[in-house]
Structure formats: C-alpha cells, structure tokens
K.L.:
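Can you read through this structure? Questions will come right after.
Keep in mind the model is a prediction, meaning the values are calculated, not measured.
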Protein chains: 2
Amino acid sequence: MKRTNQPTINDVARIAGVSKKTVSRVINQSPLLNADTRKRVEDVIAELGYVPNPQARALALRRNFLIGLIHDNPNAQMVLNVQQGMLEVLRDTEFELIVHPVNRGSPTMLADIGQFLERQRPFGVMILPPISENDQMAALCGELGVRYVRMGSAPLDEAPHMVASNDREAVRGAVEHLIESGHKRIGLVQGPHGFRSAFERQKGYEEAIEAAGLPLQRTLIVQGDYKFESGMRAAEQLLDLAPRPTAVFASNDEMAAGVLHVARQRGLNVPQDLSIIGFDDTPIASHLWPPLTTVRWPIATMARAAALKLVSGEGGTAEEDGEASLFVSTLIRRASVAPAAG
Amino acid sequence: MKRTNQPTINDVARIAGVSKKTVSRVINQSPLLNADTRKRVEDVIAELGYVPNPQARALALRRNFLIGLIHDNPNAQMVLNVQQGMLEVLRDTEFELIVHPVNRGSPTMLADIGQFLERQRPFGVMILPPISENDQMAALCGELGVRYVRMGSAPLDEAPHMVASNDREAVRGAVEHLIESGHKRIGLVQGPHGFRSAFERQKGYEEAIEAAGLPLQRTLIVQGDYKFESGMRAAEQLLDLAPRPTAVFASNDEMAAGVLHVARQRGLNVPQDLSIIGFDDTPIASHLWPPLTTVRWPIATMARAAALKLVSGEGGTAEEDGEASLFVSTLIRRASVAPAAG
DNA sequence: TTGTAGGCGTTATCAC
DNA sequence: GTGATAACGCCTACAA
C-alpha cells in the first residue's frame, strides 16, 4: 500500500469550512445538525471521494468491525455456504469477514485461537462444527469479551450463542422413510466418535428403529469418519453381512457416496438391491447416479441468522436479537431409495 | 467487544520503567537495544499478556495487515483450497485473510470492489478466475495502490501479478491421451463463452486434434457453462450424434459428471462405450463411479505462491520476489478412460 | 542505547 | 448546532 493521497477528515473539514467534529457528525448521521451544514459537508465528501479510515475508527471507538469465522474444514461446500450466508448479512454493514481455519488435532489449537482472538479482537466470531462443540472455546470467547455464535447439530449453548439444526429429528425422519418403504434391515454408517453431529444422527437412527419395533442390531451399525473412504470400508462390512441390509443410512453424503461406490463395484443395483440415504445435500448428492436421497439442512439460513446475532444490537443493523436459533432440516427425496424387495 | 482491560504499550512501559518507544523497539525487534532492557521489557510483556493492537499499528504505519481474497464462487472446493494455501503462508505473518465474494453479472461489480478496496485498503488482494480475467479490476488495484495477484488459466499479467496454470497444454495432454487410446471421435464440452479458461481448454483440445491429423468437427464441440446440468445437456447432444463420439473431454469435472450421468441414463457403459475426462480434480472426480480421469492443477501451491508474492518484500516474510508464476497441471489417470472399441 | 515530541485519522467531552 | 481539545495505541522523527 503506497502513499496514496487519500483525503482525510481534516481535508473535508478544511474545505467545507467546518470542524472535524462536524464532519464526523455527518458521517455518523448525528441528528442534531443543521441541514445546510450537512449538505455542504456531504458535497465536499462526494467531491473529494472521501472514505473514513476503518483503522482510525476502530482505534477511536475501541472496537473494530471484523467478524471472524473459525472452522476446521468440515467440508468445502459447507464452509462456503456459511461464508456466503454471513456475507449476505455483512454486506450492508461496515463489517468484514475474516476467516481463520484451525487444525483440530493440533494440541495447540486452543492456544492458536486464543492468540487470534487476542491479536485481532474481532467484534464477534462464528464457530463451525465440529470445533464449535468444544465448550472451552466458547468459554475462551466469553473471557476475552468476544461475541460468539456456535453452529451445531443440537442446541448446546444459550440461544444468543447458538444456531442449531435438529439432526436427530431429521435422521429419524429419513430412517422412517426407509421403514415406510418396507425396509427392515437398515445399516447405519456412523460419523466419527466424539462428534456431536455423529451422536445425534445415530440417536435419530436408533429412535426410528425402536419406534418401529424393529430390533436394534449392533452389526448393522458401522463406524465411519465422514470421509468417502470410510464409507467404502463401512459398505464392505455391511454388504458382507448375511442377510444383507436392504438399505443404508450414511451420516453424510460423502460416506453415502462411498457406499454407493462399493455397491456398484459389487454389481448391486441401487436402489433396487440397496437403498441409500445420505446427509448434507452437498452438490455431490445430486450429481451421483442415481441421485441421492439426503437430508438438507439450511446452512445459509443458519449462517445468516448467526451473522445477525453477531452484529445485532450495538454496531450492526439493529435487528431483533430474538433471531431463531433452531432450524429444521428436510428430507430431499431422490432416486436412491426404492421399496424393499420381497 | 466489551471494555476489556487489555494492557497497552503504556502499561508495559510504566511497569518496566522505560519509555513507550523502548517497548516499541522491543516489539519491532530493533537491534540497537541493551540486552538487559530488552529482557526486562519482555518479562513485563509476558507477565501482562500484552498484545500490540493491530488497528493502532495500522494507523501509525499508514498500512494494514489485511490480505483480501476476491472471487465469484467459481467452485467451492477451489475457493477453499485457495484459502487454505494462502493461509498456510499468512499463518506465520501478521497478516489476516479477509474474503470478499462478489457478484459477477452485477453491473455494479467493479464499483463494489472499488468500494471495498477504498474502505479497507487491504495490503494486497488475490483475485480468482473468472473475474481475475477482467483487466479493469487489475487497473483499479493499480490506481488505488493495492498490491494484487491474479490467478488464471494463462499468463495475462506480469509475473509479480500473476499465478497461472497452463490449461492449454494440460488439455492437449489429456486429449492426446484419448487419441493414444485409439479414440478418433472425441467430443468437447466447452466452458462458458468469455472465460479465458474455457478458451484455453478449447484451444488445447483443438491443438491435440489437429496435431494428430484428425478432422476438427464443429458438431463435436458443444457449449456448456461449467455446471452439472450443462454437462448433461451437452451429453444429450453429443450422444445423439451418429456416429457417436467414443470419448468426451469436459472442461471441468462437474460437466464431466453430467456427461457420465447421461451416459448412465442411456445405458452406456463407461468407459467401455464412452471414455470421459474432466478437469479440476475436485473430490467429486474420485468419488464418481467409475472414478474420473481428470486434470489436476496445483491450486494450493499456486495460492501459496500468490500469498508469498503479496506479502513479500515489505512487511511479509522477506521472500524471493521471483516466485514462480506458471504452474503445471498433471493428468490423473483413473478408470473413466478405456481404449476405443473396434 | 534511550527518551521526548508529535502525528496517524477518527471520535468523545464539554464548552460556547 | 458547532468547535476546540484531548484521547485511542502505536510509530517516526530527532534529541540527548
């Protein structure tokens, strides 16, 4: 950044023949201002192309206009949808979005985040799952006085700090859909251990099975880690079973794609021989063959709500603070589910 | 952000019994400093947990430590890979990444970007394709004194402002691979009109066809727009041809997935009846069945190089400015290509 | 090697 | 309504 001769508030004040403070008042829409004066100042501002310096504002106001997005790359589409949702809200404000991925797994993760928060002192941060499930992180934000909103698969914080989807209910609905289609042996490809989303989705599966009076068989539940390959491994295991499950619910689309992949390799027809449901409704779901029945959760909507919570009240578009914090997911029915044979 | 009693440089100075300037020197690693004094100040800093305020620094230095990322959502995976690559470089610096998606199509796009640049005055910006192809944008950065690096499918700016892949060559290689496999009727699903990447990839296709002495048939070239559905439409058109093409090169993976999708619908076997090659090596490519042969370009590497160019010299890790600016893509051979039948 | 004075561009205080 | 004056936290002169 060179020495660009950007005009300052002083230039405006001098040329308009008023004091800095008056210009400041114009910028900040102070109501007690002579209309003439305001007009004059506004003209000068337009003429000079003056733009207030955010750094200086931040310094004087002892606060800045940065919203952080902290995540651990849960999946590209999700991160981007979140960014998009948040930016839709931020666009009309003076806030900017600064992204800060971290490395779950790293033992210094919490310290890293602490450093980030202390350095930048963002006005607020949005935390994506799975690290949003870490209560210490939330506590850290609290201590440092940084607003935060967590995104998760269940309400795990107070409403002002949370946007949650109800994964359990959504999965129950999905599995019920399979049951209604006549399936009795339904496999579950679980998400990784320790993830709240994985836990909730498993609970949803179990609730549906039990509510239908079907036996809950441990062999039908296989551990995955949300990655494609783990879906393949799980499928190997499930399809080796005798009798074979006639349907599989995978806790996310990637793993569902893995299941589909293996079914194909084995010469099975989907959905005739095996019905599959995924979760997330990532683009891959609709691009697979057959298109995947899956659960769509309203990520962008949740992100917008989160951004609104973060900037609401002081500083942002003074929106209702009572933004919804629980969002419902919907089952997207495509071609990967068929009635159970026999 | 509440009134947190974060210690300032003054607190440190007072407690350490030195002047602000001395503390400042410690922070900025000034060499001319008594070791004792330095030690004493450092101790106080550690004790207080003092962290310099970036806003104040930015103000005093008349520059900030923000790197912008401007894009128009070309595709989620790519944007995220870029973010990751850039952040790897930025992590060890005092720079932060601030993302700024824009809306190509919007008539006010250029104005929007101008506003963003004038408000934030980022130290530098990275511009992703396709908007990186817009020369006016680059000019705008130049005028405003904002460093910039463009990412593109061909060198369309001077080295310090460019990280480019050589799409033409990469595609030529891919199509040659098809030709070597015995294919003579090879379809092309083009990218959208006006995109440099689309143009380069088409040229690569044409060069390979011509170099092999094959006829360049206009009916084998179908327009797409980089989206899945357009790949499907293109496939419909290509597969209606008589005789049918035995192979298709699609200018990106999403369209290739669309082609695969339609081939399936028509009961064609891939790759026996139809070979397909895509471009990008997005996750979808390896998750499809059969896994897609495609061209991988080193996005993260390019992003790292770009970030290095942006922060190099003044302010950043004083790296060589002579970072590479042309990167080679490689053909990833998977299962969607087979020798031509007959 | 260290300190003093002044400025970066903005806002808050408190007079007029 | 408006304008001096003093912050905000840091850095660059220039002295000492």
K.L.:
Does the Asn103(B) side chain pair with the main chain of Gly105(B), one donor and one acceptor, at a distance under 3.5 Å?
P.N.:
no
K.L.:
Does the Arg38(A) side chain pair with the main chain of Ser30(A), one donor and one acceptor, at a distance under 3.5 Å?
P.N.:
yes
K.L.:
Could you give the CG-to-P distance, from Asn53(B) to dT10(C), as a whole number of Å?
P.N.:
16 Å
K.L.:
Short question: side chain of Arg304(A), backbone of Gly85(A) - any donor-acceptor pair under 3.5 Å?
P.N.:
no
K.L.:
Would you say the side-chain atoms of Gln6(A) and Arg121(B) include a donor-acceptor pair closer than 3.5 Å?
P.N.:
yes
K.L.:
Identify which nucleotide among dT2(D), dT11(C), dC11(D) has an atom closest to any side-chain atom of Leu33(A), counting heavy atoms from C-beta outward.
P.N.:
dT2(D)
K.L.:
Check Phe327(A) against Pro298(A) and note the closest heavy-atom contact, atom names and distance.
P.N.:
CB-CG, 3.8 Å
K.L.:
With a 6.0 Å cut-off on ring centres, are Phe95(B) and Phe123(B) close enough?
P.N.:
yes
K.L.:
Without decimals, in angstroms, what is the distance between Asn64(A) CG and dT10(C) P?
P.N.:
16 Å
K.L.:
How long is the line joining CD of Gln55(B) and C1' of dC8(C), in whole Å?
P.N.:
14 Å
K.L.:
Whether Arg57(B) contacts dG9(D) is assessed here as follows: a side-chain N or O lying under 4.0 Å from the phosphate OP1 or OP2. Is that the case?
P.N.:
no
K.L.:
Check the distance between dT12(D)'s P and Ile27(B)'s CD1 and give it to me in whole angstrom.
P.N.:
11 Å
K.L.:
On DNA chain C, check which nucleotide each of Val23(A) and Ala35(B) is closest to and give me the residue with the more 5' one.
P.N.:
Ala35(B)
K.L.:
List in chain and number order the residues that pass side chain to side chain donor-acceptor pair (under 3.5 Å) with Arg196(A), two or more places apart in sequence or in another chain; answer none if no residue qualifies.
P.N.:
Glu200(A)
K.L.:
Would you check if the side chain of Arg119(A) reaches a backbone N or O of Leu117(A) as a donor-acceptor pair within less than 3.5 Å?
P.N.:
no
K.L.:
Rounding to 10 degrees, work out the angle separating the end axes of the helix from dT1(C)-dA16(D) to dC16(C)-dG1(D) (five pairs an end).
P.N.:
40°
K.L.:
Are Asn28(B) and dC11(D) close enough that a side-chain N or O sits under 4.0 Å from OP1 or OP2?
P.N.:
yes
K.L.:
Could you tell me which residues satisfy ring pair (Phe, Tyr, Trp, His ring centres under 6.0 Å) with Phe116(A), sequence neighbours excluded, listed by chain and number?
P.N.:
His100(A)
K.L.:
If you draw a 6.0 Å radius around CD in Gln136(B), do more than 12 non-hydrogen atoms from other residues or ligands fall strictly inside?
P.N.:
no
K.L.:
Does the pair Arg14(B)/Asp11(B) count as a salt bridge with the N-to-O cut at 4.0 Å?
P.N.:
yes
K.L.:
Would you classify Ile9(A) as touching base, sugar-phosphate or nothing, given that sugar-phosphate means primed atoms plus P, OP1 and OP2, and contacts are heavy atoms under 4.0 Å?
P.N.:
base
K.L.:
Rounded to whole angstrom units, what separation is found between the CG atom of Asn34(B) and the P atom of dT1(C)?
P.N.:
7 Å
K.L.:
Check the distance between dA7(D)'s C1' and Leu61(A)'s CG and give it to me in whole angstrom.
P.N.:
12 Å
K.L.:
Considering only residues two or more places apart or on different chains, which pairs with a residue in residues 66-77 of chain B satisfy side-chain hydrogen bond (donor to acceptor under 3.5 Å, both in side chains)?
P.N.:
His71(B)-Asn73(B), Asp72(B)-Arg104(B), Gln77(B)-Asn81(B)
K.L.:
For DNA chain C, what residues of residues 40-49 of chain A have any heavy atom nearer than 4.0 Å?
P.N.:
none
K.L.:
When you compare the protein's N or O atoms with those of nucleotides 3-7 of chain C, which come within less than 3.5 Å of each other, and at what distance?
P.N.:
| unit_1 | atom_1 | unit_2 | atom_2 | d |
| --- | --- | --- | --- | --- |
| dG3(C) | OP2 | Ser19(B) | N | 3.0 |
| dG3(C) | OP2 | Ser19(B) | OG | 3.2 |
| dG3(C) | OP2 | Thr22(B) | OG1 | 2.4 |
| dG3(C) | N7 | Arg25(B) | NH2 | 2.8 |
| dG3(C) | O6 | Arg25(B) | NH2 | 3.4 |

K.L.:
Assign Leu59(B) to base, sugar-phosphate, or nothing according to its heavy-atom contacts below 4.0 angstrom with the strands shown.
P.N.:
base
K.L.:
Take the protein atom CG of Asp36(B) and the nucleotide atom P of dT1(C), then report the distance between them rounded to whole Å.
P.N.:
12 Å
K.L.:
Once you round it to whole Å, what is the distance between P of dC8(D) and CZ of Arg121(A)?
P.N.:
16 Å
